[in-house]
Number of protein chains: 2
Amino acid sequence: MLKYIKILNNLRTEITQGVLPENHQLPFEKDLCEKYNVSKMTIKKALDILVSEGLIVKKRGCGSFVKNLSPEDINRLIIANHFRGVSALYSNCKVTSKLLYFEIIPTDEITKSKLNLVPDDFVYKIIRIRYVDDIPMCIETTFMPIEIIPGLKREHALQSIYSYIQENLNLKIQSAHRTIRVRKSTAFEQEHLLLNKHDPIATVEQVAYLDNSSAFEYSVSIHHYDRFAFETVIIR
Amino acid sequence: MLKYIKILNNLRTEITQGVLPENHQLPFEKDLCEKYNVSKMTIKKALDILVSEGLIVKKRGCGSFVKNLSPEDINRLIIANHFRGVSALYSNCKVTSKLLYFEIIPTDEITKSKLNLVPDDFVYKIIRIRYVDDIPMCIETTFMPIEIIPGLKREHALQSIYSYIQENLNLKIQSAHRTIRVRKSTAFEQEHLLLNKHDPIATVEQVAYLDNSSAFEYSVSIHHYDRFAFETVIIR
DNA sequence: AAGTGGTCTAGACCACATT
DNA sequence: ATGTGGTCTAGACCACTTC
């Protein structure tokens, strides 16, 4: 276990469990160095991650302080700071999928540009409705190049595609770019997400990357408006 | 100018201007150390920021690579990586405001908990419609504690409150927590944002912090659905 | 085996805030 | 004047990838 990860986890636990209460000043970096018997840069790295997670603020000349946040705020922040598929995100709940479509097709213009493909490249096109505890959460349309993700079958789409990528193919997911938008629902969406006519939806367009910089997924998720909230922390 | 900022800006310019084209491998950190005559940690800091901005990927044992992104993608990422008020975000456009409400009121329950106030604390309540090039973009309802932001006047609300905070009060804005949601529009919102009946809206709830860890702003923005998109990069 | 980026150190010096 | 966190260094050692 890396030192800065261990220190980070320790401090995060102290914050979430209230050992370091709201507005409480953290020990000075110098003192944390002594406590953990590490150098200043290692402490700084751990604290900087807590800053990026939105849990603390640092102020030169004064010290570091825990932000005033409710337990719910803290919980939402910790979820927001992790990139996971639906299955992992709701790991405490029953996640199921209805597979509406699973085909291998030639890439179209949009997918080609999002995934940096050439004409005649083939992609999986998968449409799934994702349920959490039997409640429909979203309709996911996913495109993946068959060259990067070989051997994908219907059974994986019914479970977790991300598990297949990470555990069977042993690939590493690095990052994702997301764009969130809003619009009116279509009749198709109303039917599958149990929406009323005129209800709105949120769309999340995502391009996800492996650690070798190749884009392996372009997806669009249509979310039920009442079951969607997106959290983020922005640092200046 | 800090060394890592200078190197960061240099490399970002090379990426956006295509000097380092798509899929191109960046020089090795060792070589960048020589080129800029700095130590390894300084180069690493600059590159790590580019990773967090979503522009490059690093792979141990191989090197660092520019992501395959269109110029539009890159532009959106750079905007997404900055926290700014509406005025600064659309600095190339004409930003105006219609002031619907400007009062000092006792804090209510929600505002009190978001801003960590005590009962009987007073806050500004400001409701504005923000126009970009005369098109209504959003309705902003803003609460700020009078103790932290003294002397705010109607004239500031008609211009940029963030400018007043930074330039007149000389306070430093550190971060913001945002929650994005979706719902149907109300008659009030339809009127002011030029929406049709049944049109949806996006809400952005924000708590913003100064660098001394105090929450100075709680705001809710109601965005026209067609003129709203939110970009983000998520790193594993 | 060689080379990459990742972690960690011990210490110098700086910018900022409080006293 | 003192003490905080921020930057930067030169170098050691490690984990991973490629050859």
Side-chain angles (χ1 to χ4, degrees), chain A residues 1-11 20 23-52 55-67 166 169-175 209-214 235-236, chain B residues 1-11 24-52 55-67 166 169-175 209-214 235-236:
Chain A
M1 174 76 87
L2 298 175
K3 290 186 185 180
Y4 80 89
I5 298 285
K6 187 162 149 44
I7 296 166
L8 168 65
N9 290 340
N10 257 358
L11 292 172
L20 293 169
N23 265 341
H24 194 288
Q25 185 160 12
L26 287 159
F28 296 125
E29 296 192 0
K30 173 173 67 66
D31 298 330
L32 288 170
C33 289
E34 285 185 17
K35 174 175 175 186
Y36 289 101
N37 195 28
V38 297
S39 75
K40 184 181 163 186
M41 292 296 273
T42 304
I43 290 295
K44 189 169 146 36
K45 177 148 189 169
L47 293 185
D48 283 346
I49 293 174
L50 290 174
V51 170
S52 77
L55 293 172
I56 70 169
V57 273
K58 301 171 83 173
K59 199 179 174 193
R60 170 147 46 172
C62 304
S64 303
F65 302 84
V66 179
K67 268 188 190 167
Q166 293 175 102
L169 296 181
N170 216 16
L171 299 174
K172 284 183 190 150
I173 296 168
Q174 200 260 356
S175 63
Y209 295 84
L210 298 174
D211 69 349
N212 63 5
S213 95
S214 54
I235 310 283
R236 271 234 138 194
Chain B
M1 174 76 84
L2 297 174
K3 290 186 184 179
Y4 78 89
I5 297 286
K6 186 163 151 44
I7 295 165
L8 168 65
N9 289 340
N10 256 0
L11 292 172
H24 195 285
Q25 185 159 13
L26 286 159
F28 297 125
E29 297 191 358
K30 174 174 67 65
D31 298 330
L32 288 170
C33 290
E34 284 184 19
K35 173 174 176 185
Y36 289 102
N37 196 27
V38 297
S39 75
K40 184 180 163 186
M41 292 295 274
T42 303
I43 291 294
K44 190 169 141 38
K45 178 148 190 171
L47 292 185
D48 283 346
I49 293 174
L50 290 174
V51 170
S52 78
L55 293 172
I56 70 169
V57 275
K58 301 171 82 173
K59 199 178 175 194
R60 173 152 38 176
C62 304
S64 303
F65 302 84
V66 179
K67 269 189 191 166
Q166 293 174 103
L169 297 180
N170 216 16
L171 298 173
K172 283 183 191 153
I173 297 168
Q174 199 261 356
S175 63
Y209 296 83
L210 298 174
D211 68 349
N212 62 5
S213 96
S214 54
I235 310 284
R236 271 234 137 192

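All values derive from a computational prediction rather than experimental measurement. Chain naming here is simple, since letters A, B, ... match the order of the sequence lines and numbering starts at 1 in each.
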Heavy-atom protein contacts under 4.0 Å, nucleotides 14-19 of chain C, coded B base, S sugar-phosphate only, - none: -BBS--
Do B/Lys59's NZ or CZ and the ring of B/Phe65 fall within the cation-pi criteria of under 6.0 Å and 45°?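 No, a cation-pi geometry is absent between B/Lys59 and B/Phe65.
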Under 4.0 angstrom, heavy atoms only, what part of the nucleic acid is B/Lys45 near: base, sugar-phosphate, or nothing?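 If one applies the 4.0 Å heavy-atom cut-off, B/Lys45 turns out to touch the sugar-phosphate alone, with no base involved.
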Any base atoms under 4.0 Å from A/Lys3, or only sugar-phosphate, or nothing? Heavy atoms, all strands.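 Contact class for A/Lys3: sugar-phosphate only.
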Boundaries of the DNA chain D segment in contact with chain B, non-hydrogen, under 4.0 Å: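 Here the contact window of chain B covers D/dT7 to D/dT17.
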How long is the span from the [atom1] atom in [X] to the [atom2] atom in [Y], to the nearest 0.5 Å?
X	Y	atom1	atom2	value
B/Leu32	B/Leu26	CG	CG	7.0 Å
A/Cys62	A/Gln25	SG	CD	8.0 Å
B/Leu210	B/Gln166	CG	CD	9.5 Å
A/Ile7	A/Tyr4	CD1	OH	11.0 Å

Could you walk me through whether B/Ile56 and B/Lys67 pass the side-chain contact (heavy atoms from CB on, under 4.5 Å) check? CA-CA 5 Å; B/Ile56 70 169; B/Lys67 269 189 191 166; over 6 Å; no
Check: residues 33-51 of chain B side-chain donor-acceptor pairs under 3.5 Å, at least two apart:
residue	atom	partner	partner atom	Å
B/Tyr36	OH	B/Asn10	ND2	3.2
B/Lys44	NZ	B/Asp48	OD2	2.8
B/Asp48	OD1	B/Lys58	NZ	2.9

DNA chain C: A/Lys40 or A/Leu2, which has the more 5' nearest nucleotide?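 Closer to the 5' end of DNA chain C: A/Leu2.
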Close approaches to DNA chain C from residues 26-33 of chain A, in residue order (heavy atom, under 4.0 Å):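 Contacting residues: none.
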Just to verify, what does A/Ile5 make a side-chain contact (heavy atoms from CB on, under 4.5 Å) with, not counting sequence neighbours?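 Counting only residues at least two positions away or on another chain, A/Ile5 forms a side-chain contact (heavy atoms from CB on, under 4.5 Å) with A/Met1, A/Leu2, A/Asn9.
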